Amino acid sequence: MDANIRHVVVPGTFDPITYGHLDVVRRATRLFDHVTVAVAASVGKRGTGTAFTLDERVDMAREALVSQGIEGVDVAPFEGLLVAFCQEVGAGGVVKGLRAITDFEYELQQADLNRRLSPELESVFVMSSPEYGYISSSIVRELSALGSEVSALVPPCVEAHLRERYGERR
Ligand code: PNS
């Protein structure tokens, strides 16, 4: 029998990290011994550039995890293929959150692609908690750019970075 999976990667663009992402990471820590948050250098799913640099996104993820008391999680940037990163760090699986049905098609496609590239790598999905079901980084960026309150969607440390980026318009 194959060895149990102990180390998983939670990948994403994290532009910026939200309470929805943090919920997925927290739950991954309950399921697996070792969790690495992998921050993708490349563009997000809509093919657009990011609002925050890779370093900023990594730093925000680290700060946010600490601020939420989520301990023992590594945060690392990665460039190129996710399967190559997983191999590099010795992770046996990828954990992602599924929000609404609209996530499903996209995630299924990615999981299928990753399986073709690396058949041993397992894709594991956790269902988003209802309170985080409709949070996305793009909504957070849009609200911030329009000067709206985002304290229900991201931790205060991330909100401070958003204010720096988009200015105080309240
Ligand atoms: O936060 P996102 O935008 O949903 O994250 C998507 C991400 C970064 C996990 C995905 O685009 C990814 O794995 N990118 C790395 C490149 C890669 O491996 N592509 C092939 C699998 S789709």
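Each ligand, and each atom within it, is numbered from 1 in the order the structure gives. Small disclaimer: the values here were computed from a predicted structure and weren't measured.
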key: Ring geometry between Tyr19 and Tyr132 (parallel below 30°, tilted from 30 to 60°, perpendicular above 60°)   = tilted
remark   = The atoms of ligand 1 lying under 4.0 Å from a heavy atom of Gly80, numbered in the order shown, are 15 (C), 16 (C)
inquiry  = Can you tell me if Ser137 contacts ligand 1 (heavy atom of the residue under 4.0 Å from the ligand)?
reply    = no
query = Polar-atom distance check: Leu82 versus ligand 1, any N or O pair below 3.5 Å?
reply = yes
query = For ligand 1, which atoms have a heavy atom of Lys96 less than 4.0 angstrom away?
reply = 9 (C)
key: Heavy-atom gap Phe85 to ligand 1 smaller than 4.0 Å   = no
ask   = Where the side chain of Ser128 meets the backbone of Leu98, is there a donor-acceptor pair that is under 3.5 Å apart?
value = yes
ask   = Do any nitrogen or oxygen atoms of Glu107 come within less than 3.5 Å of a nitrogen or oxygen of ligand 1?
value = no
query = Which ligand 1 atoms, with their elements, are less than 4.0 angstrom from a heavy-atom of Phe78?
reply = 15 (C)
query = Is there a donor-acceptor pair closer than 3.5 Å between any side-chain N or O of Arg27 and the backbone N or O of Met127?
reply = yes
query = Looking at Thr53 and Glu56, what are the two nearest heavy atoms and their distance?
reply = N-OE1, 2.8 Å
Atom of Arg99, atom of Ile135 and distance for their closest heavy-atom approach = NH1-O, 2.9 Å
note = If we number the atoms of ligand 1 from 1 as shown, the ones under 4.0 Å from a heavy atom of Ala40 are 8 (C)
request  = Would you please test His161 and Phe52 for ring-ring contact (aromatic ring centres under 6.0 Å, His included) and show each step?
outcome  = CA-CA 9 Å; His161 287 286; Phe52 293 96; 7.0 Å; no
message = Within ligand 1, which atoms have a heavy atom of Asn114 less than 4.0 Å away?
response = 21 (C)
key: Distance filter under 4.0 Å to Thr13 heavy atoms, resulting ligand 1 atoms   = 1 (O), 2 (P), 3 (O), 5 (O)
message = So Ile17 and Val154, do their side chains get closer than 4.5 Å, heavy atoms only?
response = no
